[in-house]
Amino acid sequence: MRVTTHALGHAFDGLPSLFEGLSTTMEPGHVYALTGPSGSGKSTLLGILAGWIQPAMGSVRREGVEKVGWIFQNPHGVARRTALDHVSYAYLVEGVPRAEAEERGLTLLERFGLLESRAKQFRALSGGEAQRLMLARGIATSPDLLLVDEPTAQLDLRTAATASEALGKIATAGTIIVVATHDQRTKDACTDVIDLSAFNAAGVAA
Ligand SMILES: Nc1ncnc2c1ncn2[C@@H]1O[C@H](COP(=O)(O)OP(=O)(O)OP(=O)(O)O)[C@@H](O)[C@H]1O
Ligand SMILES: [Mg+2]
């Protein structure tokens, strides 16, 4: 499984190009930090990788990628469902028996520091807990490609630090993970960095 971009670039209709000449290969087991200033095209690139946006230049090749998962900036869950429900549900829909689904759910919650919050309803979780739960659920659904947009943007510094730490634990064998971020600690927690500012239209490496 692999995602390869070749001389990839994008411009929205009639606007200057955001980035150009991005050629890279992404593989399972890695967590790619996608960095660059606000407006540099990080979210746009995630959309291109997902196949939602047709790139203006170059191409993307997705080999063996069938299931794509997204984690958006704002955590979205089911208000009255517990944290454990959110992760074990991903296994239940795959036909895993309830007891085992919950067992696996608990293991994931523990990995993301949420074991103590397992019985809390989603609406009772803090911003950081909710964000970490989204990461746990993103992993539970075992996508081939997992796209994460700005996981720490709306969190305070301490909470952002915990979410960044959690990202360090997100790397998983069968999944290619790409995380758009401004946060230095999130970047540090990733295994690879793709800096969009090195591919801006002027072609100037940062
Ligand atoms: N559908 C669209 N049509 C025209 N312009 C767009 C469209 N979507 C995004 N843009 C513009 O493209 C630029 C890049 O947007 P994008 O959301 O990819 O940036 P970003 O790097 O994710 O920024 P941030 O760090 O603030 O999230 C911005 O100037 C944005 O306004
Ligand atoms: Mg963005």
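When a residue number appears, it is its place in the shown sequence, counting from 1. Ligands are counted one by one from 1 in listed order, and the atoms in each one are counted from 1 as well.
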> Does Thr5 use its side chain to pair, donor to acceptor, with the backbone of Thr24 at less than 3.5 Å?
yes

> Among all protein non-hydrogen atoms, which one is nearest to atom 17 (O) of ligand 1, and what is the separation to 0.1 Å?
Ser43 CB, 3.6 Å

> At under 4.0 Å between heavy atoms, is it the side chain or the backbone of Pro37 that contacts ligand 1, or both, or neither?
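Contact part for Pro37 vs ligand 1: backbone (N, CA, C, O).
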
> In terms of atom number and element, which parts of ligand 1 are under 4.0 angstrom from non-hydrogen atoms of Gly41?
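Every atom of ligand 1 under 4.0 Å from some heavy atom of Gly41: 14 (C), 16 (P), 18 (O), 19 (O), 20 (P), 21 (O).
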
> Starting from atom 24 (P) of ligand 1, which protein heavy atom do you reach first, and at what distance in Å?
Ser38 OG, 3.6 Å

> Just to confirm my output: which protein heavy-atom neighbour is closest to atom 15 (O) of ligand 1, and how far is it?
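It is Thr44 OG1, 3.8 Å.
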
> Heavy-atom contact under 4.0 Å between Gly36 and ligand 1?
no

> When you measure from atom 30 (C) of ligand 1 to the protein, is at least one non-hydrogen atom found at a distance under 4.0 Å?
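No, no protein heavy atom sits under 4.0 Å from atom 30 (C) of ligand 1.
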
> Taking the non-hydrogen atoms of Gly47, is any one of them nearer than 4.0 angstrom to ligand 1?
no

> Does the protein place any heavy atom closer than 4.0 Å to atom 10 (N) of ligand 1?
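Yes, there is one.
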
> For atom 27 (O) of ligand 1, grab the closest protein heavy atom and report residue, atom and distance to one decimal in Å.
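The closest heavy atom on the protein side is Glu150 OE2, 3.6 Å.
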
> If we set the cut-off at 4.0 Å for heavy atoms, which region of Asp13 has an atom near ligand 1: side chain, backbone, both, or neither?
neither

> Ignoring hydrogens and angles, tell me if any N or O in the side chain of Lys67 forms a donor-acceptor pair with the backbone of Thr141 under 3.5 Å.
yes

> Applying side chain to side chain contact (heavy atoms under 4.5 Å, CB included) between Val148 and each of Thr186, Thr181, Leu135, report the one that passes.
Leu135

> For Glu129 and Lys120, run salt bridge (Lys or Arg N to Asp or Glu O under 4.0 Å): C-alpha distance rounded to whole Å, both residues' side-chain angles, the deciding distance at 0.1 Å, then the answer.
CA-CA 10 Å; Glu129 287 169 340; Lys120 278 193 195 165; 3.7 Å; yes

> For Ser43 and Asp149, work out which heavy atoms get closest and say how close.
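Looking at all heavy atoms of both residues, the closest pair is OG-OD2, 2.8 Å.
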
> Is His182 reaching over with its side chain to a backbone N or O of Pro37, donor-acceptor style, under 3.5 angstrom?
no

> Any N or O on Gly39 sitting closer than 3.5 Å to an N or O of ligand 1?
yes

> Below 4.0 Å from ligand 1: does a non-hydrogen atom of Ala180 turn up there or not?
no

> Any carboxylate oxygen within less than 4.0 angstrom of a Lys/Arg side-chain nitrogen, looking at Glu63 and Arg61?
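Salt bridge present between Glu63 and Arg61.
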
> Taking only heavy atoms of Leu18, which atoms of ligand 1 are found under 4.0 Å from at least one of them?
12 (O), 13 (C), 14 (C)

> Does the structure place the NZ or CZ of Arg132 under 6.0 Å from the centre of the six-membered ring of Phe112, at an angle of no more than 45° from the ring's axis?
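Negative - Arg132 is either too far from the ring of Phe112 or too far off its axis.
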
> Is it true that some N/O/S atom of Ser43, main chain or side chain, lies under 2.8 Å from the Mg ion (ligand 2)?
yes

> So which heavy atom on Leu92 is nearest to which on Pro97, and how close?
CD2-C, 4.3 Å

> Which of the atoms of ligand 1 are close to Lys42, meaning less than 4.0 Å from one of its heavy atoms?
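Checking each atom against Lys42, I get 18 (O), 19 (O), 20 (P), 21 (O), 22 (O), 23 (O), 24 (P), 25 (O).
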
> Under 30°, 30 to 60°, or over 60°: which ring-plane class applies to Tyr32 and His30, parallel, tilted or perpendicular?
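Plane angle under 30°, so parallel.
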
> Keeping the roles fixed (side chain from Arg62, backbone from Leu49), state whether a donor-acceptor pair exists under 3.5 Å.
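Judged by distance alone, yes, a pair lies under 3.5 Å.
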
> If you measure every N or O of Phe12 against every N or O of ligand 1, does any of those distances drop under 3.5 Å?
no

